[in-house]
Each structure stands twice: as structure tokens, then as C-alpha cells.
Amino acid sequence: MSKKIQAIRGMNDLLPEQSPVWQYVESCVRALMETYGYAEIRTPILEQTALFARSIGEVTDIVEKEMYTFNDRNGDSLTLRPEGTASCVRAAMENGLLHNQTQRLWYQGPMFRHERPQKGRYRQFHQVGVEAYGLEGPDIDAEVILLTARLWRRLGLNEHVTLELNSLGSSAARAAYRETLVTYFEQHRDVLDEDSSRRLSTNPMRILDSKNPDMAPILADAPRLMDHLDDESREHFEQLTTLLDSVGIEYRINPRLVRGLDYYSRTVFEWTTDALGSQGTVCAGGRYDGLVEQLGGKPTPAVGFAMGMERLILLLETLDVIPDDAQPGLDVYIVGQGEQIHGTTLQLGETLRNALPGIRLQVHCGGGGFRSQIKKADRSGAQLALLLGEEEIANDMVTIKFLRNDREQVSLPQDKLTEQLPELLGRSF
RNA sequence: GUGGAUGUAGCUCAGUGGUAGAGCCCCGGAUUGUGGCUCCGGUGGUCGUGGGUUCGAUCCCCAUCAUCCACCCCA
């Protein structure tokens, strides 16, 4: 048994090498949300356990065996959020955001599920989500789908993800269909595999999702959800597909698409890819018109989605579509050596940052010879090295060495530096 | 929770029943003030952990932990 202290299983450190990619995606997301006028909401990572039990569903895997739940010091049962929607609804209700008004919100942050880690699935993972409240028409469904589609375009993923669409109907229609389905499968109990038999009592609609080829014949003849929709849901769905057609969004209607969380109703959708192995769902969402009421609020229509950051970034890396400028890099690296150097390099660094606030500059620390300092300047990725040695200091000069081309190094007076640097670097500050 | 694979240097990996090696990285030197290319040298390992077999285990056996992949489930 190892005594080494290490990270919790399935909870990863995000290392310096990785953070630029995350920041790139995060900034794309933020800009996108602003484009559509969605406002960010931030909620606590911990909630009362009952919030998730009531919203996600008591008998779902998430609630039954995947939540990080523990007792607070006063005995309250608390849970690390396994998803964002429940917290969002709670916060919106609690702060009066749903009182007689509509809301378009987004959130971003870590979620926690105690699952076995694998590719694209971790115990602490990060989601970006959108929630729109108070709008019942299919136009808002179309809008959130358009929003995701625009993100794929901006990230360069649009050729690599496909939209799957379905409707679960109203909760009443869904419940009725569920009964029909259970009856059907009970008549064929002998051909159900182990997983499906278990689902019959937990989540019968999931049986339709079975990957077991032996199940294909019985699934093909199963009653179809689409044939059991209530009229309103059918109309809603037809309008949605018409809207998507009119704005040029391609989709595939997948009658077997079922969402895992109990609160979904009517529209459900998923963006999937085949480039990520078995965890191919990058983004998923739909309507949950009954959720607000279920959590004690007034009946409020709602639609939203969540996407997995790890999966998104994995996909970007797999497809090699991360732009080079996602890496920040350095403009200038200041090197200094000699008896008289003292604080000169640090001073010069501050002077330049004062004059050129956007400059990306690092001052060499830790001493060493010119040779090793310049080697570090090179490896820092900086465009220029500024050299301050005894000669330069004696004459108030500085030597500029070009690290990325063969241009001859030049020396100039230190007080000319701030006016020369923008030109030498080919950018303004 | 179930199944399979894998744990040797910071990283990628060789290797053998007689207590370990390469490449990359890092540091120093060739160049006492000049990076990239080259050459030379150096730092760095409880061979995941614990137990068993053995004269002797990094290697064989068992357990355990971790990682990866798949199932389940989900973003």
C-alpha cells in the first residue's frame, strides 16, 4: 500500500502545459454567451442532497451510487454537485429570477460523479451549461441549438459533430409510453439480456439504447416514442424541426435518444462525435418544463444543455484544431550580468511594463553566465532578449538580440527602448 | 460495481532469477559576454506498495494501490 499522498482518483491536475487550451475554450465560450445575451450565474459546489435527489431522480445511477455525499458538522446531508441544472433552478427560484420574467443563463465549473474513470470521463469534470427559463415555444429550443452550433463552428468542430434529436413528450405522455414499453418488454422477458432486465424496473426507456446486437430485433419492433407523443409535444417538435431547417441546422432524428436524467421532457438533443471512443457525447440537453414546479416553484418552462469540457478539449486535441496563438508566449526576456547589475534588470522590466502595459516580459532570475541565461531566453519562447552587461550599464545602453530570426543584434540607449520595442516586435501595446 | 491491459529515471521506453540501461529533458563544459546545430561530461531510480517462493526477486506467485481501455452510466 502506497503511503504517498496523491490526487484523488479521477480528479486531475490541470498542468501549465494544458491551461492555455482551457483558457482558449473558456474565452470562446464566454464570448459566445455574450453574443447571445446570456448572463453567467455562479452557484456553490455544495448543495443539500435533497436537491439532486428530487430533480435528477431517486432511482437514477447518479443519485443512487455516483454522488459524493457526506454529513455536515450539524448533521445536514450535503452533496458535491453532479450536474448544474438543479443548482441553477434552485438559485433562480431562491433569488426571484423566475418571478414573472424570462432568464437566459449560463454557468461553468466543476461537477463530481463517483464513476469509474475512463477516456473522457472523470470524477471531477467540468461542464459549461445553458439554461433558459420562462419560454415555452420551440424558438428557444432552436436558439440554444444554434448557440451550440456556432460554438462548434468557432472551435472548428462543426465537421466532426452531429446533432441527434428526439422528443420525449409531456411527462404524462412519457409516463404512459413508459407503461406501454414495460408491457411490451415483459412479454419478451426471455430475450432480454441482463442489463436490459435490470433496466426494466429502473429505466425502461434506456433499454432502447442497448448496444447489444442480440437485442436489435426486439428493439426494432418495440413501440415507438414518436407514436405516443401528445399532440402539443408533436406540434412543438415539428415546429422545432421546421425552425432548424429554416436556419440550416442539420440533424438526425433518433427515436431511441433518451436522456438519463428524470427531469427531461419534450425536446432532447445530443451532439456526438465518433472521434472519442466510447464517450462520444460532447453536449446534451433538452427541455425540462416540469422541473421548476417539481422543486417547489411555479410551473415554468425551461430548456438547456450541458457540455463536457474535458471531452471538448480531448476532441480539439484529437482533431488538431487548436490555433497556435492559444499559447500566450513571451515578447521579451531580460538578461543581465556583471558586478554592477544589482536591480537593473528588474528596474528595466518594470519601466517597460509601465510604458507598454500589454508587453509580455520576463526578467531572468537566478544568475548564471550569459551563455546559460541566453539559452533560457531562447527556451522561454521570447521574441527578443534584452542584454544588460557591464558595457551596457556603463553607457546606459541595452543590447537587443533577435531570437527568432537571423537579424544582427543591435545596441541602443535604454531611454529609446520603449519607443523602439513596438516596432521591433511588430505589435502595439 | 464488472472485465481486460499496464506500472522500471521528470518524460517515452528497453532489459535480466545474481540488486539496472537508452533517448529526450535538465545542469556544466568546449565558447572567462551570446541561444538554436554539434561534441564531451554530469545530476537523477526504495524497478508502484506489501507479502510469499528462492542462497538470492525488478523479473516467478499472491494481495493491494494506481493508471489506461471497455461495460454499466453519463457531459
Side-chain angles (χ1 to χ4, degrees), chain A residues 1-4 6-12 15 17 56-57 59-66 82-85 108-130 148 193-196 198-199 202-203 206 209-212 258-261 269-273 276-285 304-315 333 335-338 341 364 366 368-393 399-406 408-409 411:
Chain A
M1 202 191 298
S2 176
K3 287 173 205 147
K4 248 184 282 177
Q6 49 189 258
I8 308 295
R9 173 171 222 193
M11 304 201 180
N12 304 121
L15 300 176
E17 197 186 12
I56 297 170
V59 297
T60 56
D61 276 14
I62 291 179
V63 170
E64 277 189 335
K65 47 195 187 194
E66 294 176 0
E83 55 106 46
T85 295
Q108 167 266 354
M111 308 293 165
F112 303 84
R113 291 181 199 170
H114 191 105
E115 298 180 279
R116 191 89 160 232
Q118 72 185 71
K119 184 176 185 143
R121 194 175 67 188
Y122 309 98
R123 289 186 174 180
Q124 174 174 336
F125 60 106
H126 297 77
Q127 285 187 332
V128 168
V130 152
T148 53
D193 61 17
E194 193 184 335
D195 281 335
S196 297
R198 180 174 44 76
R199 291 184 187 120
T202 56
N203 196 345
R206 272 268 154 207
D209 243 359
S210 177
K211 291 176 190 167
N212 184 348
V258 180
R259 310 271 50 256
L261 282 43
F269 67 90
E270 250 181 41
W271 288 94
T272 61
T273 175
L276 286 186
S278 73
Q279 307 303 324
T281 303
V282 169
C283 171
F305 65 79
M307 58 195 182
M309 283 288 283
E310 282 81 359
R311 289 182 188 180
L312 207 49
I313 285 165
L314 218 47
L315 187 57
Y333 192 98
V335 159
Q337 203 195 32
I341 197 71
H364 179 84
F370 255 99
R371 181 182 150 74
S372 74
Q373 290 194 32
I374 289 171
K375 190 178 271 191
K376 289 209 172 81
D378 180 39
R379 301 204 176 155
S380 76
Q383 298 297 310
L384 302 179
L386 299 185
L387 312 187
L388 283 171
E390 284 170 0
E391 278 176 38
E392 285 85 355
I393 288 171
T399 297
I400 299 173
K401 185 174 174 64
F402 300 89
L403 296 170
R404 305 296 153 217
N405 56 42
D406 293 330
E408 199 74 12
Q409 71 183 33
S411 293

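To find a chain, count down the sequence lines: A is the first, B the second, and so on, and within it residues start at 1.
Across every non-hydrogen atom of A:Pro117 and A:Arg123, the tightest pair is CD-NE, 4.1 Å. Across all non-hydrogen atoms, the minimal contact from A:Leu276 to A:Lys119 is O-CD, 3.9 Å. Taking each heavy atom of A:Ser380 and A:Tyr333 in turn, the nearest pair found is OG-CD1, 3.5 Å. Taking all atoms of both residues into account, the shortest heavy-atom contact from A:Ala382 to A:Leu403 is O-CD1, 3.6 Å.
Evaluation of the salt bridge (charged side-chain N to carboxylate O under 4.0 Å, His left out) rule for A:Lys65 yields A:Asp61 as partners, not counting sequence neighbours. Applying the salt bridge (charged side-chain N to carboxylate O under 4.0 Å, His left out) rule to A:Arg121 yields the partners A:Glu115; only residues at least two apart in sequence or on another chain are considered. The side-chain hydrogen bond (donor to acceptor under 3.5 Å, both in side chains) test applied to A:Glu270 returns A:Arg259, A:Thr281, not counting sequence neighbours. Every side-chain hydrogen bond (donor to acceptor under 3.5 Å, both in side chains) that A:Glu83 has, sequence neighbours left out, goes to A:Tyr263. Listed by chain and number, the residues in a side-chain hydrogen bond (donor to acceptor under 3.5 Å, both in side chains) with A:Arg113 amount to none (sequence neighbours excluded). For A:Glu310, the side-chain hydrogen bond (donor to acceptor under 3.5 Å, both in side chains) test picks out A:His126, with sequence neighbours left out. Residues passing the salt bridge (charged side-chain N to carboxylate O under 4.0 Å, His left out) test with A:Asp195, sequence neighbours excluded: A:Arg198. Take A:Ser411 and apply the side-chain contact (heavy atoms from CB on, under 4.5 Å) test, not counting sequence neighbours, and it matches A:Met397, A:Thr399.
A:Arg113 comes within 4.0 angstrom of a base, heavy atoms only. Among the atoms of the strands shown, none is found under 4.0 Å from any heavy atom of A:Gly381. Across all strands, A:Ala377 comes closer than 4.0 Å to no nucleic acid atom at all (heavy-atom distances). Residue A:Tyr333 is out of contact with every strand shown, counting any heavy-atom pair closer than 4.0 Å. Residue contacts for A:Arg404: at a heavy-atom cut-off of 4.0 Å it reaches a base atom on one of the strands shown.
Nucleotides B:rU8 and B:rU58 place their C1' atoms 7 Å apart, quoted to the nearest Å. Comparing B:rU38 with B:rG33, their P atoms are spaced 25 Å from each other, to the whole Å. Taking atom C1' on both B:rU46 and B:rA9, the two are 13 Å apart, rounded to the nearest angstrom. To the nearest whole angstrom, the two C1' atoms, one in B:rG17 and one in B:rC25, are 33 Å apart. Rounded to whole Å, the C1' atom of B:rU49 lies 15 Å from the corresponding atom of B:rU67. When the P atom is compared between B:rC59 and B:rG15, the two are found 15 Å apart, to the nearest whole Å. Rounded to a whole angstrom, the distance from the P atom of B:rG45 to that of B:rC40 is 25 Å. Rounded to the nearest Å, the gap between the C1' atom of B:rU31 and that of B:rC37 is 14 Å.
Rounded to a whole Å, the CD atom of A:Gln6 is 6 Å from the C1' atom of B:rA66. Remark: C1' of B:rC65 and CD1 of A:Ile8 are 13 Å apart, rounded to the nearest angstrom. Residue A:Phe112 contributes atom CZ, which lies 16 Å from atom P of B:rA75 at whole-angstrom precision. For A:Asp195 and B:rG3, the CG to C1' distance is 13 Å, given to the nearest whole Å. Atom NE2 of A:His114 is separated from atom P of B:rA75 by 18 Å (rounded to the nearest Å). Per the geometry, CD belonging to A:Gln279 stands 9 Å off C1' belonging to B:rA75, to the nearest Å. Atom CD of A:Gln118 is separated from atom P of B:rA66 by 17 Å (rounded to the nearest Å). Here the P atom of nucleotide B:rG3 and the CZ atom of A:Arg116 are 9 Å apart, to the nearest Å.
For the salt bridge (Lys or Arg N to Asp or Glu O under 4.0 Å) condition, the pairs that include at least one residue of residues 370-379 of chain A, sequence neighbours left out, are A:Asp378-A:Arg404.
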Open item on the list: Across nucleotides 23-34 of chain B, 5' to 3', mark each nucleotide with B, S or - according to how protein heavy atoms within less than 4.0 Å reach it.
Closed with: ---SSSBBB-BB
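The nearest heavy atom of RNA chain B to A:Asn12 and to A:Phe125 marks one nucleotide each, and the one closer to the 5' end goes with A:Asn12.
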Give each protein N/O atom lying under 3.5 Å from an N/O atom of nucleotides 5-13 of chain B, with the pair distance.
none

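Stretches of at least 3 consecutive Watson-Crick or G-U wobble pairs, with each checked distance under 3.5 Å, appear in RNA chain B as B:1-7 with B:65-71, B:10-13 with B:21-24, B:26-30 with B:38-42, B:48-52 with B:60-64.
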